[in-house]
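Below is one structure, written out as structure tokens, with a few remarks after it.
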Amino acid sequence: MASDKGPSAGDATLRRRIKPWEFEVFFDPRELRKETCLLYEIQWGTSHKIWRNSGKNTANHVEINFIEKFTSERQYCPSIRCSITWFLSWSPCWECSKAIRGFLSQHPSVTLVIYVARLFWHMDPQNRQGLRDLINSGVTIQIMRVPEYDHCWRNFVNYLPGKEDHWPRYPVLWMKLYALELHCIILSLPPCLRISRRQNQLTLFTLTLQNCHYQMIPPHILLATGLIQVPVTWK
């Protein structure tokens, strides 16, 4: 049930929340906005308290800004576990992936989970390898789905009164297509998803599957898009 109030005026995160229109333009999977927005949560040790904040690109990519802010503002204690969750509007580029791995190697008690709304220049071999290297180093990377969008809206957005449950409802199909492409990246398969932008600003998603995709990607992942029929061999 939707609340008749927005975030409480006493909410400690209120001044760090982004505006509804910012969430919509940054995290819509159909938009190809150049800038990146990061919403993040940090939890230390066994504490139930979660620190939330946000960031955007400056002269540096937002991932680099987070690393610099994290390392400069708090003294690192290796004996205390730290769990970090990122919600990124774009996945990290290969250079940021390398920087993230360096950060984690210097902070072994830190665990990182990354949810992304879109895959950044996903056909670039270096970007694909960068994401694989992150995953192989222990970082969890997933495409944002409905539960993640709902979580971000409730916890990071200064929504209007009565709009707690009314975050922008994006087509689930786009999320499934990005998830399919992420599987291709993880499995070192060729890209299957092509994204283009027409002059009328419409974003087009084109899915092209090869035999290796059918052979390597679990059938339930392919079927989840609703666009593919997996061949069945009768014995």
Say whether [X] and [Y] are linked into one hydrophobic cluster, either directly or through other cluster members, by side-chain heavy-atom distances under 4.5 angstrom.
X      : Y      : result
Leu177 : Leu204 : no
Leu173 : Leu182 : yes
Met123 : Ile217 : no

Which atom of [X] lies closest to which atom of [Y], heavy atoms considered:
X      : Y      : value
Arg81  : Pro108 : NH1-O, 3.8 Å
Trp90  : Leu119 : CZ3-O, 3.3 Å
Met175 : Tyr149 : CE-CE1, 3.6 Å
Ile50  : Glu41  : CG2-CB, 3.7 Å
Ser72  : Glu68  : OG-O, 2.8 Å
Val62  : Leu38  : CG2-CB, 3.6 Å

Any [X] side-chain heavy atom under 4.5 Å of [Y] side chain:
X      : Y      : answer
Trp153 : Pro20  : yes
Tyr115 : Leu88  : no
Leu207 : Leu180 : yes
Lys19  : Asn158 : no
Met144 : Cys152 : yes
Leu131 : Ser97  : yes
Cys96  : Ile64  : yes
Val113 : Ile84  : no

[X] side chain to [Y] main-chain N or O, any donor-acceptor pair under 3.5 Å?
X      : Y      : value
His107 : Phe103 : yes
Arg169 : Val146 : no
Thr36  : Ser89  : no
Ser83  : Thr111 : no
His213 : Gln210 : yes
Arg17  : Val157 : yes
Ser91  : Phe120 : yes

Does the ring center of [X] lie less than 6.0 Å from the ring center of [Y]?
X      : Y      : value
Tyr178 : His122 : no
Phe156 : Phe27  : no
Tyr40  : Phe66  : yes

Please identify each residue that fulfils side-chain contact (heavy atoms from CB on, under 4.5 Å) with [X], with sequence neighbours left out.
X      : value
Thr58  : Asn60, Asn65
Arg30  : Asp28, Tyr170, Pro171, Trp174
Ala224 : none
Trp94  : Gln126, Asn127

Review point. Which residues pass the ring-ring contact (aromatic ring centres under 6.0 Å, His included) test with Trp44, sequence neighbours left out?
Key: Phe70
Review point. Among all residues two or more places apart in sequence or in another chain, which pass the ring-ring contact (aromatic ring centres under 6.0 Å, His included) test with His61?
Key: none
Exercise for review: Please test Asp133 against Arg101 for side-chain contact (heavy atoms from CB on, under 4.5 Å), starting from the C-alpha separation and ending with a verdict.
Suggested key: CA-CA 8 Å; Asp133 290 342; Arg101 287 192 293 114; 3.5 Å; yes
As an exercise, state the distance from [atom1] of [X] to [atom2] of [Y], rounded to the nearest 0.5 Å.
X      : Y      : atom1 : atom2 : answer
Ile135 : Gln142 : CD1   : CD    : 9.5 Å
Leu222 : Leu209 : CG    : CG    : 6.5 Å
Ile114 : Thr85  : CD1   : OG1   : 10.0 Å
Leu39  : Phe87  : CG    : CZ    : 7.5 Å
Leu223 : Lys176 : CG    : NZ    : 10.5 Å
Ile100 : Ser105 : CD1   : OG    : 12.0 Å

Check your understanding: Going through the checks in order, is the side-chain hydrogen bond (donor to acceptor under 3.5 Å, both in side chains) test met by Asn211 and Gln215?
Key -> CA-CA 6 Å; Asn211 286 336; Gln215 293 169 358; 5.7 Å; no
Check your understanding: Given Val116 and Ile143, is the side-chain contact (heavy atoms from CB on, under 4.5 Å) satisfied, shown in steps?
Key -> CA-CA 5 Å; Val116 300; Ile143 299 299; 3.6 Å; yes
**Study point:** Of all pairs that satisfy salt bridge (charged side-chain N to carboxylate O under 4.0 Å, His left out), the ones with a partner from residues 135-150, not counting sequence neighbours
**Key:**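 Sorted pair list: Asp150-Arg154.
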Output all residues satisfying side-chain hydrogen bond (donor to acceptor under 3.5 Å, both in side chains) with [X], sequence neighbours left out; order by chain, then residue number.
X      : value
Lys69  : Glu73
Glu22  : Lys56
Glu181 : Arg128

Side-chain donor-acceptor pairs under 3.5 Å in residues 183-190, sequence neighbours left out?
| unit_1 | atom_1 | unit_2 | atom_2 | d |
| --- | --- | --- | --- | --- |
| His183 | ND1 | Ala179 | O | 3.1 |
| Ser188 | OG | Arg132 | NE | 3.4 |

Exercise for review: For Glu35, enumerate each residue passing the salt bridge (charged side-chain N to carboxylate O under 4.0 Å, His left out) test, keeping only those at least two apart in sequence or located in another chain.
Suggested key: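 Applying salt bridge (charged side-chain N to carboxylate O under 4.0 Å, His left out) to Glu35 gives Arg33.
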